J.: 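Handing you a structure now.
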Amino acid sequence: MKYWLMKSEPSELSIDDLKARPRGTAPWDGVRNYQARNYMRDDMKKGDQILFYHSSCPEPGVVGIAQVVREAYPDPTAFDPKSHYYDPKSSPDKVQWMMVDVKFVRKLKRVIGLQELKAERKLDGFALTRRGNRLSVMPVTKQQWDTVVGME
DNA sequence: GCCAACGTTGGC
DNA sequence: GCCAACGTTGGC
């Protein structure tokens with residue numbers, strides 16, 4: 001089993017939104033970055049654990065835990081001209097973008113803020129806090145996972 | 001709204 | 001293959 005961190009803007013999909021979905025499950029659509037896609041397509045397996053991170057919001061930080069419940073399949077928003085995530089270079093015949101389904105596990109008792117994560121020495125080298133990192137899907141080591149969850 | 005940092009595009 | 005221009009991300 002692997003560990004991941006996934007970023008979501010709470011105005012798009014917050015941890016509470018995820019919890020409120022039927023079965024607490026949502027497709028992780030809209031990823032349009034090759035590296036993030038490759039992680040989802042090649043490495044994410046059912047049961048993998050996810051740190052759910054809120055970005056572009058008043059209090060950026062890790063807010064909860066989710067897990068992978070369906071492995072990679074084509075992201076239909078790429079084929080939909082009306083979608084904000086439409087990609088004309090993609091088609092059902094030539095799938096470019098894939099997504100996984102994630103399921104709510106639990107909320108953390110509090111938000112582990114970005115500043116706190118940056119200040120934690122045990123998280124030196126953490127992909128999230130590396131300068132200029134913009135990946136929305138990134139791997140987390142077991143040690144990093146334990147450290148973050150341990151800060152709850 | 002600003003800006004740093006990065007990815008992508010396209011001319012050559 | 002290089003690199004400038006442009007678009008996006010995301011914190012502040």
Side-chain angles (χ1 to χ4, degrees), chain A residues 2-21 26-44 48-68 71-141 143-145 147-152:
Chain A
K2 296 196 193 70
Y3 300 92
W4 304 93
L5 181 143
M6 295 174 92
K7 294 180 186 173
S8 182
E9 300 187 14
S11 57
E12 297 290 323
L13 181 78
S14 71
I15 189 76
D16 290 323
D17 294 336
L18 181 63
K19 185 180 181 182
R21 293 290 181 98
W28 205 265
D29 58 15
V31 171
R32 295 294 178 267
N33 170 284
Y34 288 106
Q35 199 177 347
R37 179 208 61 187
N38 292 348
Y39 283 137
M40 287 200 293
R41 186 190 61 190
D42 304 333
D43 298 325
M44 271 197 186
D48 283 3
Q49 299 293 111
I50 300 160
L51 293 172
F52 196 104
Y53 179 89
H54 280 176
S55 67
S56 295
C57 61
E59 201 181 3
V62 175
V63 294
I65 293 171
Q67 65 178 358
V68 178
E71 293 173 14
Y73 62 106
D75 177 347
T77 64
F79 314 136
D80 178 4
K82 292 192 297 295
S83 169
H84 176 61
Y85 301 120
Y86 178 56
D87 178 2
K89 294 194 295 298
S90 170
S91 73
D93 290 338
K94 220 177 103 193
V95 172
Q96 289 261 38
W97 304 112
M98 314 266 293
M99 62 184 187
V100 298
D101 284 354
V102 308
K103 181 184 169 71
F104 175 85
V105 174
R106 70 178 181 90
K107 277 177 82 168
L108 297 186
K109 296 187 195 78
R110 64 185 191 88
V111 178
I112 315 296
L114 180 59
Q115 284 312 317
E116 237 182 300
L117 295 167
K118 281 181 177 168
E120 174 54 63
R121 304 287 286 279
K122 285 188 225 154
L123 292 177
D124 285 354
F126 193 28
L128 177 76
T129 51
R130 267 207 299 271
R131 208 168 72 114
N133 171 55
R134 298 184 327 186
L135 270 184
S136 60
V137 177
M138 67 193 81
V140 173
T141 66
Q143 192 182 16
Q144 289 164 343
W145 175 278
T147 300
V148 174
V149 174
M151 292 165 75
E152 184 176 3

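Here is the naming used below: chain letters follow the sequence lines, and residue numbers restart at 1 for every chain. Since the structure is predicted, the reported quantities are computational estimates derived from the model, not experimental observations.
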J.: In a table with atom names and distances, give each donor-acceptor pair under 3.5 Å that connects a side chain of residues 55-65 of chain A to protein atoms at least two apart or in another chain.
T.:
none

J.: Can you list everything that forms a side-chain hydrogen bond (donor to acceptor under 3.5 Å, both in side chains) with A:Gln144? Sequence neighbours excluded, please.
T.: A:Thr141
J.: What integer distance in Å separates A:Arg130:CZ from B:dC6:P?
T.: 11 Å
J.: When you check the side-chain N and O atoms of A:Asp75 and A:Thr77, is any donor under 3.5 Å from an acceptor?
T.: yes
J.: According to salt bridge (charged side-chain N to carboxylate O under 4.0 Å, His left out), who are the partners of A:Lys94, at least two apart in sequence or on a separate chain?
T.: none
J.: Output the residues of residues 89-96 of chain A in contact with DNA chain C, where contact means a heavy atom of the residue under 4.0 Å from an atom of the strand; sort by number or write none.
T.: none
J.: Under 4.0 Å between any heavy atoms, over every strand shown, what does A:Arg32 touch: base, sugar-phosphate, or nothing? Just pick one.
T.: nothing
J.: Mind checking what makes ring-ring contact (aromatic ring centres under 6.0 Å, His included) contact with A:Tyr53, not counting sequence neighbours?
T.: none
J.: Report all interatomic pairs (protein N or O, nucleotide N or O of nucleotides 8-12 of chain C) with separations under 3.5 Å.
T.:
residue	atom	partner	partner atom	Å
C:dT8	O2	A:Arg134	NH1	2.6
C:dG10	OP1	A:Lys7	NZ	2.8
C:dG10	OP1	A:Arg134	O	3.1
C:dG11	OP1	A:Tyr53	OH	2.7
C:dG11	OP2	A:Ser56	N	2.8
C:dC12	OP1	A:Gln115	NE2	2.6

J.: Quick one: which residue pairs count as a ring-ring contact (aromatic ring centres under 6.0 Å, His included) with a foot in residues 109-137 of chain A, not counting sequence neighbours?
T.: none
J.: Tell me which pairs pass side chain to side chain donor-acceptor pair (under 3.5 Å) where either residue lies in residues 78-90 of chain A, with sequence neighbours left out.
T.: A:Asp87-A:Trp97
J.: What residues form a ring-ring contact (aromatic ring centres under 6.0 Å, His included) with A:Phe79, not counting sequence neighbours?
T.: none
